[in-house]
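Structure, as structure tokens:
Only a predicted model underlies this, so the values are computations on that prediction, with no experimental measurement involved.
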Amino acid sequence: MENKGKIWSIPFIMGSLVSGLSFLGLFIVEPVTSRFLIDTMHIDVLTAGTIVGILPLVALLFRPVSSVISNRFGIKYLLAISMGFMTIGLFGYTLFSGATWFIICRCLIAVGISISTTLGAAYVATMIPAERINEGMGYYGLIISLFSAFAPTIGVMLVDEFGFINTSYIAAFITFICIVIAIAIPRKEEFIIKNAKKIEFSIDNFISIKVIPIAIFSALISIGNGVVSAYILIVGAQRQIPGIVSFFTIIAIVGFAVRPLVGRMADKGKSHLIIIFGTIIDSIGVAIIGLASKNKHIMQASFFKGIGQNSAGPTLQVEAMKKLPVEQGTVASSTYFIGVDLGAALGPMVSGALISRLGTSSESYRTLFLLTALLLAGTAIAYIIYYRYSKKNGD
């Protein structure tokens with residue numbers, strides 16, 4: 001760690017900016033993808049859910065490979081290449097010619113996002129002083145959260161004004177900017193594992209057993225995020241709730257206030273409490289969405305979701321990074337994101353299957369969100385058990 005006591009170094013800012021803008025490009029189209037497939041392309045809910053879930057599923061499968069690649073090469077060109085995959089995939093949306101082509105595009109985006117998130121988080125972590133790691137990663141997460149939280153609002157406005165295809169052009173241009181920034185990162189600041197002369201295909205270079213429990217909890221939380229992201233706009237339109245996109249804006253505002261505070265609390269040894277209460281608060285927000293019938297209910301839900309989403313998940317990510325030495329940061333990051341990807345894939349797929357059986361009535365979506373809330377509440381209880389077991393065994 002070269003930056004003694006300093007978080008906001010040039011490499012930290014540039015790495016965070018690449019990650020943040022990549023999420024902006026992705027999420028101005030991602031939350032409206034289900035609506036585009038169902039309403040415009042007239043694809044059934046189950047198939048649409050499967051197509052949406054393809055992206056995190058492919059990212060999940062490619063994630064271990066990305067950690068090996070990331071551990072052996074510098075950040076500059078790997079980040080640029082990953083952004084290239086995303087740019088091609090997002091631009092491919094504009095050439096839409098059916099479900100198969102759409103899946104191919106999503107696979108390209110998935111490869112790009114799996115590399116960039118694995119490498120970006122690990123690299124940024126090396127630029128943060130050890131004694132401020134939670135605070136620093138909190139700021140990193142806040143940057144990503146702000147871009148990804150405002151993106152859906154911007155995306156809905158762009159789609160309503162210009163359509164999904166033209167919005168995809170804009171998304172591709174944003175990720176192209178990321179390529180330029182990645183190439184501009186100072187070469188001397190690249191994160192490369194020392195003495196790594198060749199790729200060794202051992203299990204330890206793909207995933208970390210120590211981080212798997214954290215990855216499981218991140219997967220469960222990610223299921224909730226996946227369900228909300230995939231269906232909240234559909235629920236808002238069905239129930240005729242005005243201003244539904246304000247949900248994402250409020251989450252961003254709440255996250256801006258919560259992230260630094262959470263980081264400081266975690267640095268003082270309160271990580272377990274943040275994860276537990278953050279997950280419980282998240283579950284309350286999801287339950288409110290299920291019961292919502294007015295805009296004020298959505299605003300209440302976004303407040304709870306903003307606190308929970310910006311507390312539990314980011315703290316779990318830092319706990320994953322702390323499980324391994326800094327030179328194995330990409331393996332820890334990869335294992336954590338495997339959980340995130342798994343949950344993000346299962347959320348839309350399983351919920352799509354459930355809705356296809358229950359029907360697309362308001363009551364069906366109510367059931368979906370309430371079941372998701374119960375899952376999150378159960379996750380908090382499971383983490384309490386895990387924490388006590390780990391503490392008892394000195395882990």
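- Distance check: Ile103 CD1 to Ile54 CD1 gives 5.5 Å after rounding to the nearest 0.5 Å.
- Note on Ile38 and Val156: same hydrophobic cluster, where clusters join Ile, Leu, Val, Met, Phe, Trp and Tyr whose side-chain heavy atoms are under 4.5 Å apart, directly or indirectly.
- In this structure the side chain of Phe102 reaches within 4.5 angstrom of the side chain of Thr33, judged on heavy atoms.
- By the side chain to side chain contact (heavy atoms under 4.5 Å, CB included) test, Arg388 is found to be paired with Ile384, residues two or more places apart in sequence or in another chain being considered.
- The distance from the CD1 atom of Ile214 to the OG atom of Ser390 is 7.5 Å, given to the nearest 0.5 Å.
- Ile104 and Ile51 fall within a single hydrophobic cluster, where Ile, Leu, Val, Met, Phe, Trp and Tyr are joined by side-chain heavy atoms under 4.5 Å apart, directly or via other members.
- When all heavy atoms are compared, the tightest approach of Ala380 to Ile276 is CB-O, 3.8 Å.
- Phe36 has its side chain out of reach of Val159: every pair of non-hydrogen atoms, C-beta onward, lies at least 4.5 Å apart.
- Within the model, atoms CZ of Phe23 and CD1 of Ile143 stand 12.5 Å from one another, a figure rounded to the nearest 0.5 Å.
- At least one side-chain heavy atom of Phe147 sits less than 4.5 Å from a side-chain heavy atom of Leu17.
- Pairs of residues two or more places apart, or lying in two chains, that qualify as side-chain hydrogen bond (donor to acceptor under 3.5 Å, both in side chains) and include a residue from residues 298-310 are Ser145-Asn310, Asn225-Lys305, Arg259-Asn310, Asp282-Lys305, Lys305-Gln309.
- Ring to ring, Tyr389 and Tyr386 are not that close: their centroids are 6.0 angstrom or more apart.
- Residues Asn166 and Leu158 have side chains not in contact (no heavy-atom distance under 4.5 Å, counting atoms from C-beta outward).
- In this structure, Ile280 is not a member of the same hydrophobic cluster as Ile385, with clusters built from ILVMFWY side-chain heavy atoms closer than 4.5 Å.
- Taking each heavy atom of Leu90 and Gly25 in turn, the nearest pair found is CD1-O, 4.1 Å.
- By the side chain to side chain contact (heavy atoms under 4.5 Å, CB included) test, Leu261 pairs with Met265, sequence neighbours left out.
- In this structure, Glu319 pairs ionically with Lys322, as a charged nitrogen and a carboxylate oxygen lie closer than 4.0 Å.
- Residues Ile232 and Leu370 do not share a hydrophobic cluster, defined by chaining ILVMFWY side chains whose heavy atoms lie under 4.5 Å apart.
- The closest side-chain heavy-atom distance from Ile28 to Ile174 is below 4.5 Å.
- For the pair Ser364 (side chain) and Leu358 (backbone), a donor-acceptor distance under 3.5 Å is present.
- With rounding to the nearest 0.5 Å, the separation of CG in Leu346 from CG in Asp341 is 10.5 Å.
- When atom types are taken as modelled, the side chain of Ser356 and the backbone of Ala353 share a donor-acceptor pair closer than 3.5 angstrom.
- Contact annotation: the side chain of Ile113 approaches that of Ser116 to within less than 4.5 Å [non-hydrogen atoms, C-beta and beyond].
- Within the 4.5 Å cutoff, side-chain heavy atoms of Leu55 are placed close to those of Leu26.
- Taking every heavy atom of both residues into account, Ala292 and Arg239 meet most closely at O-NH1, 2.8 Å.
- From Phe217, atom CZ reaches atom OG1 of Thr315 across 14.0 Å, with rounding to the nearest 0.5 Å.
- A donor-acceptor pair under 3.5 Å is absent between the side-chain atoms of Thr335 and the main chain of Ile212, judged by distance alone.
- In terms of heavy-atom proximity, Ser222 sits nearest to Ala344 at OG-N, 3.1 Å.
- The structure places CE of Met157 at 8.0 Å from CD1 of Ile154, a figure rounded to the nearest 0.5 Å.
- Residues Ser19 and Ser22 have side chains that never bring a donor and an acceptor to within less than 3.5 angstrom of each other.
- Tracing side-chain contacts under 4.5 Å through hydrophobic residues (I, L, V, M, F, W, Y), one never reaches Leu374 starting from Leu291; they form parts of separate clusters.
- Across all their heavy atoms, Val29 and Ala171 have their closest contact at CG1-CB, 4.2 Å.
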Can I get a per-line list of side-chain donor-acceptor pairs under 3.5 Å for residues 81-88, giving both atom names and the distance, sequence neighbours left out?
from	atom 1	to	atom 2	distance (Å)
Ser82	OG	Leu78	O	3.4
Ser82	OG	Leu79	O	2.7
Thr87	OG1	Met83	O	2.8
Thr87	OG1	Thr175	OG1	2.8
Thr87	OG1	Phe176	N	3.4

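- Of all the heavy atoms in Val254 and Gly306, the pair that sits closest is CG1-C, 3.6 Å.
- Inter-residue side-chain proximity for Val227 and Leu371 is flagged as unmet; no heavy-atom pair is nearer than 4.5 Å.
- Applying the ring pair (Phe, Tyr, Trp, His ring centres under 6.0 Å) test to every pair with at least one member in residues 272-309, sequence neighbours left out, gives these pairs: His272-Tyr387.
- Remark: Ser311 engages no residue in a side-chain hydrogen bond (donor to acceptor under 3.5 Å, both in side chains) (not counting sequence neighbours).
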